[in-house]
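Okay, so here's the structure we're looking at.
Bear in mind the structure is a predicted one, so any value in this text is a computation, not a measurement. No hydrogens, no waters, no symmetry mates; every other heavy atom, side chains included, goes into these values.
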Amino acid sequence: MAKIMLVEDDEKLRNNIDSFLKCKGYDVYDDMDFKDVIAYFDKVNPDIVLLDVNLPYDDGFYICSALRRKSHVPVIFISARSRDIDSFCSLLP
């Protein structure tokens, strides 16, 4: 099954997503130090990343940019942000 790296600092939300994905048979990796998400990515080598925007050290946009410099793994943003300016499309050139 696919390896999913879940980057979410809200413990309750992370646990809910983790439980749901695991019951569907996915391998979920979410035990990371938020100070070094990129090192955890290198260690896990996931098939997909679920990435929160609001994180305690670097935000999800910065992390996504860093991931793009080294990988083309799919990244899906998970966020409670709702303004248009915060949407993923605003990242596109």
* To do: Show your reasoning for whether side-chain contact (heavy atoms from CB on, under 4.5 Å) applies to Asn54 and Asp59.
  => CA-CA 5 Å; Asn54 297 316; Asp59 70 21; 5.8 Å; no
* To do: Would you check, one step at a time, whether the test side-chain contact (heavy atoms from CB on, under 4.5 Å) holds for Ile48 with Met5?
  => CA-CA 6 Å; Ile48 190 167; Met5 182 173 148; over 6 Å; no
* To do: Go through the steps to decide whether Ile78 and Ile17 satisfy the test side-chain contact (heavy atoms from CB on, under 4.5 Å), and finish with yes or no.
  => CA-CA 11 Å; Ile78 51 176; Ile17 294 170; 4.0 Å; yes
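For the pair Phe34 and Pro56, the tightest heavy-atom approach, listed with the atom from each and the gap, is CB-CG, 3.7 Å. Across every non-hydrogen atom of Met1 and Lys24, the tightest pair is CE-O, 3.9 Å. Between Asp30 and Tyr40 the shortest heavy-atom distance is N-OH, 3.6 Å. Between Val44 and Lys3, the closest heavy-atom pair is O-NZ, 2.6 Å. Heavy atoms only, all atoms of each residue included: Arg14 and Glu8 are closest at NH1-O, 2.7 Å. What you find for Leu6 and Asp18 is that their closest heavy atoms are CD2-N, 4.0 Å.
Contact of the Val49 side chain with the Phe41 side chain is registered, since non-hydrogen atoms from C-beta on lie closer than 4.5 Å. Leu50 places a side-chain heavy atom less than 4.5 Å from the side chain of Ile76.
A distance-only check finds a donor-acceptor pair linking the side chain of Asp10 to the backbone of Leu13 [under 3.5 Å]. A donor-acceptor pair under 3.5 Å is formed between the side chain of Ser19 and the backbone N or O of Asn15. A side-chain donor-acceptor contact under 3.5 Å links Arg68 to the backbone of Val73.
Expressed to the nearest 0.5 Å, how far CD1 of Ile38 lies from CG of Asp58 amounts to 8.0 Å. Here Ile63 contributes atom CD1 and Phe77 contributes atom CZ; the two are 9.0 Å apart, rounded to the nearest 0.5 Å. Taking OH from Tyr57 and OH from Tyr62, the interatomic distance works out to 15.0 Å, rounded to the nearest 0.5 Å.
A salt bridge links Asp42 with Lys70: the distance from a Lys NZ or Arg NE/NH1/NH2 to an Asp or Glu carboxylate oxygen falls below 4.0 Å.
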